[in-house]
Amino acid sequence: EELQVDISGTTVTVICPVSETVQWSPASPDSENNVFIKKNHDGSPLNLTCTGSNKNIYMYLKARVCTNCRELDTLTVTGIIIADLLITFGLLILVYYFSKDRKGRPSTGAGSRPRGQKTQRPPPVPNPDYEPIRKGQREVYAGLESRGF
C-alpha cells in the first residue's frame, strides 16, 4: 500500500490508504481523516507518518512547488505543439515559394553579372589616335607639334 501524492500550486495533498481513522505526524490544521493537506508549502523536506489500525506508513516528502505555475492537461500541450509545427511548416512553404520565383532573375546587386553563356569577346578596337608609331610611318606624325600650355 502506498501513499498517493497530489501537488497543485503550493498545496500538497497526501492520501493514506488506511480505511480507518488516521493520525498524521506532523499534524496539519487542514488535514481531514485520511487526507493530509499542506497549504502554502515552501518546498522544504518533510517526514510524514500515517498511523492507523496498528500500521505505520512513513514517507519522506520533498516536493518542488511554485506560486506562478499553471497546470496544463495533455490535450492542451499536444495542441500547442501541433499548432507550433503547423505555423513553422507554413512559413517554410511560404519562404520556399517566394524564393523559387527569384531563381531565374538576375540580381541587380553590386558585383553581379548576367549568367549567360561565356563567350570570348574580341579585344577592343584600338583608338587610331593612340596607335604606336610603326617604322615607315613617321612622316604621318611629323607635322604634329607640341602645344604650349
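The same ILVMFWY cluster, assembled from side-chain heavy atoms under 4.5 Å apart, contains both Ile15 and Ile37. Hydrophobic clustering of Ile, Leu, Val, Met, Phe, Trp and Tyr side chains at less than 4.5 Å, counting indirect connections, keeps Val35 apart from Ile57. Residues Leu46 and Val22 share a hydrophobic cluster, clusters being chains of Ile/Leu/Val/Met/Phe/Trp/Tyr side chains in contact below 4.5 Å. Tracing side-chain contacts under 4.5 Å through hydrophobic residues (I, L, V, M, F, W, Y), one reaches Ile81 starting from Leu92; they form part of the same cluster.
Across all non-hydrogen atoms, the minimal contact from Val65 to His41 is CG2-O, 3.1 Å. Ile7 and Arg64 make their closest contact through CG2-O, 4.4 Å (heavy atoms, listed as atom of the first residue, atom of the second, distance).
Distance check, rounded to the nearest 0.5 Å: SG of Cys16 to CD of Gln23 gives 11.5 Å. Residue Leu72 holds its CG atom at 5.5 Å from CD1 of Ile80, rounded to the nearest 0.5 Å. Atom-to-atom distance recorded for Ile82:CD1 and Ile87:CD1 is 12.5 Å, nearest 0.5 angstrom. Annotation: the span from Glu32 atom CD to Trp24 atom CH2 amounts to 12.0 Å, rounded to 0.5 Å. Distance check: Thr11 OG1 to Lys38 NZ gives 11.0 Å after rounding to the nearest 0.5 Å. Here the OG1-CG distance, from Thr10 to Asn40, works out to 4.5 Å after rounding to the nearest 0.5 Å.
Leu3 places a side-chain heavy atom less than 4.5 Å from the side chain of Cys50.
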Next item on the list: Kindly indicate, with the supporting measurements, whether the criterion side-chain contact (heavy atoms from CB on, under 4.5 Å) is fulfilled by Tyr60 and Lys62.
Entry: CA-CA 7 Å; Tyr60 178 75; Lys62 185 174 182 181; 4.0 Å; yes
Checklist line | Pair Thr13-Phe36, side-chain contact (heavy atoms from CB on, under 4.5 Å): steps then yes or no | finding: CA-CA 6 Å; Thr13 306; Phe36 176 84; over 6 Å; no
Next item on the list: Before giving the answer on side-chain contact (heavy atoms from CB on, under 4.5 Å), spell out for Gln4 and Val14 the whole-Å C-alpha distance, their side-chain angles and the decisive distance to 0.1 Å.
Entry: CA-CA 6 Å; Gln4 295 177 357; Val14 181; over 6 Å; no
Notebook entry, point to check: Taking it one step at a time, do Asn56 and Thr49 satisfy side-chain hydrogen bond (donor to acceptor under 3.5 Å, both in side chains)?
Noted result: CA-CA 7 Å; Asn56 289 338; Thr49 306; over 6 Å; no
